[in-house]
Amino acid sequence: MTIRVLIVDDQAMVRAGFAALLAAQSDIDVVGEASDGRQGVEVSRSTHPDVVLMDVRMPEMDGLAAARALLDPPRGVVHRPKVLMLTTFDVDDYVYEALRAGASGFLLKDAPPADLIAAVRVVASGDALLAPSVTRRLIADFARQKPTRAKDLSLGLNGLTPRETEVLELIARGLSNQEIAGRLVLAEQTVKTHIGRVLAKLDLRDRAQAVIFAYESGLVSPGEAG
């Protein structure tokens, strides 16, 4: 299946470079480009991409506002693409807020070309976290700096079984499904089942939101080792 990608960045050279790189892949089709968030939302609504590469800092409408518009569309708009945030900063308040809004992850603009290609494929397949150690650090940094809703969110943990809580904690520590299966001596399909139940019970969209929930509820503390 071909992955449809939209590139949203205010720098023409960046858009052109990413488009050339991705279009050269047999399983990726670049269906559009946009120079700011507002245009990005419009193009996404007309082209229905699977993945939107979204720059964080842009004029007119920044990447955070555009991501929110795409991930929480108005009534009548059915299409919701995966959003992969692009940033020049490895710790960026906008990226954290975008993850909370439902973005599937983030990638540094100076990442190697192979990482960009892999990131698009990973996000398109439904996995939500890229470079888990970096993403975990970013979330931990802002969980430490911002007031959290720990008391309210911790109540949600009461609805999880001990095994589901254990799986959620390992997700937050950046472990893949395979690594979680090895740690808990479970089949990988069983881990996937547990993750699906965790997301459903906590009303979370994906793994990225699960990681943030784990930090903000106090299940995992910033700075804890993985």
Side-chain angles (χ1 to χ4, degrees), residues 3-11 14-15 17-19 21-22 28 30 33-37 40-41 44 49-59 61-72 80-146 171-176 199 204-216 220 222-223 226:
I3 304 168
R4 297 168 57 81
V5 176
L6 168 63
I7 302 169
V8 185
D9 194 292
D10 62 337
Q11 297 181 344
V14 171
R15 295 198 306 274
F18 285 175
L21 176 66
L22 294 173
I28 297 176
V30 177
E33 299 179 22
S35 59
D36 62 61
V41 172
S44 178
D50 300 305
V51 177
V52 176
L53 296 181
M54 182 76 73
D55 188 20
V56 171
R57 300 171 183 272
M58 293 180 292
M61 176 188 281
D62 63 35
L64 174 59
R68 284 175 172 156
L70 292 176
L71 296 167
D72 187 19
R80 289 204 307 178
K82 305 287 187 181
V83 176
L84 176 60
M85 305 302 296
L86 299 169
T87 179
T88 53
F89 308 98
D90 62 351
V91 177
D92 191 311
D93 195 0
Y94 281 84
V95 178
Y96 172 78
E97 294 298 340
L99 290 173
R100 287 190 64 182
S104 293
F106 79 98
L107 189 70
L108 297 178
K109 283 188 178 182
D110 60 0
D115 286 5
L116 173 64
I117 297 167
V120 168
R121 289 172 177 156
V122 166
V123 169
S125 72
D127 205 350
L129 283 182
L130 307 165
S133 62
V134 179
T135 303
R136 189 171 65 245
R137 189 185 77 240
L138 176 139
I139 294 171
D141 283 346
F142 283 96
R144 183 187 297 111
Q145 293 172 21
K146 294 174 177 292
I171 290 174
R173 296 185 190 285
L175 274 67
S176 67
L199 297 180
L204 303 173
R205 182 178 177 186
D206 57 28
R207 294 172 76 105
Q209 290 193 329
V211 172
I212 290 171
F213 181 96
Y215 276 105
E216 293 193 334
V220 177

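Please read all numbers here as calculations on a predicted model, not as lab measurements. Values reported hereafter were calculated over all heavy atoms of this structure, with side chains retained and with hydrogens, waters and symmetry mates removed. Each residue takes its place number in the sequence, starting with 1.
- Remark: Glu216 CD to Gln209 CD distance equals 10.5 Å, nearest 0.5 Å.
- The distance from atom CZ of Arg207 to atom CD1 of Ile212, rounded to the nearest 0.5 Å, is 13.5 Å.
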Please test Ile171 against Val211 for side chain to side chain contact (heavy atoms under 4.5 Å, CB included), starting from the C-alpha separation and ending with a verdict.
CA-CA 6 Å; Ile171 290 174; Val211 172; 3.9 Å; yes
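- Residue Leu53 holds its CG atom at 12.5 Å from CZ of Arg15, rounded to the nearest 0.5 Å.
- Among all heavy-atom pairs drawn from Leu199 and Ala210, the shortest one is CD2-CB, 4.0 Å.
- In this structure, Ile7 and Val30 have side chains that are in contact, with non-hydrogen atoms separated by less than 4.5 Å.
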Worked check of side chain to side chain contact (heavy atoms under 4.5 Å, CB included) between Met54 and Leu70:
CA-CA 11 Å; Met54 182 76 73; Leu70 292 176; 3.8 Å; yes
Run the numbers on Val41 and Met61 for side chain to side chain contact (heavy atoms under 4.5 Å, CB included), then give the verdict.
CA-CA 10 Å; Val41 172; Met61 176 188 281; 4.2 Å; yes
Should Arg57 and Asp62 be marked as a side chain to side chain contact (heavy atoms under 4.5 Å, CB included) after you check the CA-CA gap, both sets of side-chain angles, and the distance that decides it?
CA-CA 5 Å; Arg57 300 171 183 272; Asp62 63 35; 6.0 Å; no
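- Atom-to-atom distance recorded for Ile3:CD1 and Lys82:NZ is 12.0 Å, nearest 0.5 angstrom.
- Proximity of Ser44 to Val52: side-chain heavy atoms (C-beta onward) are separated by under 4.5 Å at one or more points.
- Two residues are said to be in side-chain contact when any heavy atoms from C-beta on lie closer than 4.5 Å; Met58 and Val8 meet this criterion.
- Counting all heavy atoms, side chain and backbone alike, Leu64 lies closest to Met85 at N-CE, 4.3 Å.
- Under the 4.5 Å side-chain criterion, counting only non-hydrogen atoms from C-beta, Asp10 is in contact with Pro59.
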Please tabulate, for the side chains in residues 106-122, all donor-acceptor contacts under 3.5 angstrom to protein atoms that are two or more places apart in sequence or on a different chain.
from	atom 1	to	atom 2	distance (Å)
Lys109	NZ	Asp9	OD2	2.8
Lys109	NZ	Asp55	OD1	3.2
Lys109	NZ	Asp55	OD2	3.4
Arg121	NE	Asp27	OD2	2.9
Arg121	NH2	Asp27	OD1	3.0

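- Here the CZ-CG distance, from Arg80 to Leu71, works out to 7.0 Å after rounding to the nearest 0.5 Å.
- Rounded to the nearest 0.5 angstrom, Asp50 CG and Ser125 OG are separated by 11.5 Å.
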